[in-house]
Amino acid sequence: MRLSQSFGKTLREDPADADTNSHRLLVKAGFINQLFAGVYSYLPLALKSLKKIENIIREEMDLAGAQEILLPTLQPEDIWQKSGRLDAFGDTLFRLKDRRDRDLVLGPTHEEVVSQLVTGHIRSYRDLPVNLYQIQTKLRDEARPRAGLIRVREFAMKDAYSFHADQNDLDKTYDRMVRAYRSIFARCGLNVRAVEADSGAIGGKDSQEFILLADTGEDEIVLCDSCDYAANMEKAESNIDNIIDDSKDGLKEIETPGVKTIDALSKKFGVSKSKILKSVAYIVEGTMVLVMIRGDLDVNETKLSNYLGAQDLRIASDVELKERGLVPGFMSPVGLDGVRIVADPSIDAQTDLIVGANKEDYHYTGARHKVDFLIEELVDLNRVQQGDKCIKCGGSLKIERGIEVGHVFKLGTKFSDTFGATFLDSDGIEKSMIMGCYGIGVGRILGAIVESNHDEKGIVFPKTISPAQIIIVALNNDDITVRDAANQLYETLVERGIETILDDRDESPGVKFADADLIGIPVRATVSARSLRNGNTVEMKKRTDANNESINISLDDVKTIIETII
RNA sequence: CGGAGCGUGGCGCAGUCUGGUAGCGCACUACACUGGGGGUGUAGGGGUCGUAGGUUCGAAUCCUAUCGCUCCGACCA
């Protein structure tokens, strides 16, 4: 590609509305252009990189035994009604009507469609397993698109769906897909970690996310510093030391005027927060649920939402508390009736606790679970904190941020049951297919690559993803001998199958060097009057080399030039 | 959906407080010079100041409404 003729321009100044590095650089280097919130046009350079990512994904998927198909974007609303995900997706679903007034949606994902497809095509265990994938545009009306390509509303995604006769077979394919994913990310030059993930209210059992650790990421990741435990915060667990204290002073009501917070109680009584019971009231799909957890811990709302099987969950307001006879700041499970209470096992400590008294300005001391109050629903609701102990090895946990670039999970039979995706097994019994699904965001990978491969001058592409393998910078393009030499080198390389960019613009040397660095092509070849005088050579420099580092190679020595590139 | 910020040529911005009919840098066009890290000069073209109302002799500027974009949070099979 000749830069003088290619569409898309580099910018001299940073775009004003791009905060993250990948967003800023992709716009500045002329890769992408925003149409409106979360929707981008991909210009020639971006498309070259995206196609490379897609091809790596295709190769690895084919190798893993998956077959490429293409499913429709336009989908009837009723299959979403049927799967129960019309509500689950809610406003994230783009909805429209056709001319006959039929309700349609633009596909945010394809479990429904593929389940329906498979239902009609597979009747016997002999046809299983089957693993289907596609690379296709997904549409999701995200509440808040952000960070350029990291979260968008229209994006290319590779999604794969596998169907199995039994769990064991799913496990095998799942593992194979995990290996394929690791290989994909490695080939894209991304140092990605697999972490345990929450599969959501509608998901299945096992689930892993592939996360690129990055400060600009949206996900919080819990990592152990001494073993391989890694989990998304939504799912992460930690070991909580139980407190045991044999002395028992009995329940006492104490006046605590204006002392409403865990902090204030801790100060007033001179005890650690772990000796205080924290009460948090939630409104869950219109009903109040009171959550109890030890004072030094926090509630993980994803865990709570999963346990309750509820989508809509928020902290209750003081007004809502008072309407139900609760006293904000002094809530308590002691003597409370008529409100559902759920508690984290940490409250089951064998020690005296300070709890509210359900009346203004009073607390109890000496309260104990199973003695002074009883909570039947005990379930892990703890939100892991920095420095907590690892549940696998006891090591120290740390919290980092990351970008989710892939997600795999075992769906089970939820969709098969709904869509009647059944088969006749070898024992003559009709069964539901067991399903797995596997997703990778193609555009998000490009964003993630730039996010983790750049310096102060611009993008530093890995060879495998770069829009081209080499950029030839022709300095002093007016000079016919330079122009001819650069052109000839360009044509030779292109003939040999090397993806080459020729900067044949009439720009000053500084501009060309700066743009070559900004675009991030791995190797730069400078052809100039100077290099021609210097034994008819070209100066080769890697993007990662310092400015003045370069080697001279004779223009006739095409073999060495190519070896330097690949 | 809550909170904050911002909408002025293609891009980055000033002007808004204190109303007087739009300016700077980059980019673009032409010519000349220059030629190894965003070079120089001369001459140009391009903007209903997000939109709609209102106040006023007069609105980019004041008032009201509305739309959009970004960031933080909530949300995110």
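Side chains are part of it too, since the values below use all heavy atoms of this structure and drop only hydrogens, waters and symmetry mates. Proteins get letters first, then strands, A, B, ... in listed order; numbering begins at 1 in each.
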Rounded to whole angstrom, note down the C1' distance from B:rC13 over to B:rU66.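 The same atom, C1', in both gives a distance of 26 Å.
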P atoms of B:rU48 and B:rG23, separation to the nearest Å: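 The same atom, P, in both gives a distance of 14 Å.
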Mind checking if [X] touches a base, just sugar-phosphate, or nothing, with heavy atoms under 4.0 Å?
X	result
A:R153	nothing
A:T109	base
A:S531	base
A:A197	nothing
A:Q34	sugar-phosphate
A:A37	sugar-phosphate
A:D479	nothing

Counting only side-chain heavy atoms from C-beta out, which of [options] sits nearest to [X]?
X	options	answer
A:K9	B:rC28, B:rG37, B:rA77	B:rC28
A:R144	B:rG38, B:rC72, B:rA77	B:rC72
A:M157	B:rC75, B:rC69, B:rA77	B:rA77
A:D19	B:rA77, B:rG39, B:rC71	B:rC71
A:F409	B:rC75, B:rA77, B:rG37	B:rA77
A:N476	B:rG35, B:rG37, B:rC69	B:rG35
A:F513	B:rG37, B:rG35, B:rC75	B:rG37

Distance only, no hydrogens: is a donor on one side chain within 3.5 Å (strictly under) of an acceptor on the other, for [X] and [Y]?
X	Y	value
A:E234	A:N300	no
A:E451	A:T216	yes
A:W80	A:E112	no

Under a 3.5 Å cut-off for both contacts, is [N] paired Watson-Crick or G-U wobble with anything, and if yes, with which nucleotide?
N	value
B:rG53	B:rC63
B:rA4	B:rU70
B:rC76	none
B:rC33	B:rG39
B:rA22	none

Quick check on [N]: is either OP1 or OP2 less than 4.0 Å from any side-chain nitrogen or oxygen of [X]?
X	N	result
A:R12	B:rA27	yes
A:R146	B:rC72	yes
A:K512	B:rG35	no

Tell me which one of A:F461, A:Y42, A:Y40 satisfies ring pair (Phe, Tyr, Trp, His ring centres under 6.0 Å) with A:F31.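 Single ring pair (Phe, Tyr, Trp, His ring centres under 6.0 Å) partner of A:F31 among A:F461, A:Y42, A:Y40: A:F461.
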With sugar-phosphate taken as primed atoms, P, OP1 and OP2 and all else as base, the protein-contact string of nucleotides 5-13 of chain B at under 4.0 Å (heavy atoms; B, S, -) is ------BSS
Closer to the 5' end of RNA chain B via nearest nucleotide, is it A:R140 or A:D506?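 It is A:D506, whose closest nucleotide lies nearer the 5' terminus.
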Would a distance-only check, ignoring hydrogens and angles, find a side-chain to backbone donor-acceptor pair under 3.5 Å from A:K410 to A:D171?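 Side chain of A:K410 to backbone of A:D171: no pair is present.
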Whether the side chain of A:D380 engages the backbone of A:N382 through a donor-acceptor N/O pair (distance < 3.5 Å, no angle test) should be reported.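 Checked: pair present.
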Give a yes or no on whether a donor-acceptor pair under 3.5 Å exists between the nucleobase atoms of B:rG35, that is its base, and the side chain of A:R505.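 No such pair is found, so the answer is no.
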Is there a donor and acceptor pair closer than 3.5 Å between the side chain of A:D515 and the base of B:rG38?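 Indeed, a donor on one side and an acceptor on the other fall under 3.5 Å apart.
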Determine whether more than 12 heavy atoms belonging to other residues, nucleotides or ligands lie under 6.0 Å from atom NZ of A:K542.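 Not more than 12 within 6.0 Å, no.
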Please determine which of A:Y174, A:Y181, A:Y438 meets the side chain to side chain donor-acceptor pair (under 3.5 Å) test together with A:Q208.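 So the option named by the test is A:Y174.
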Partner set under salt bridge (Lys or Arg N to Asp or Glu O under 4.0 Å) for A:D219, not counting sequence neighbours: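 None.
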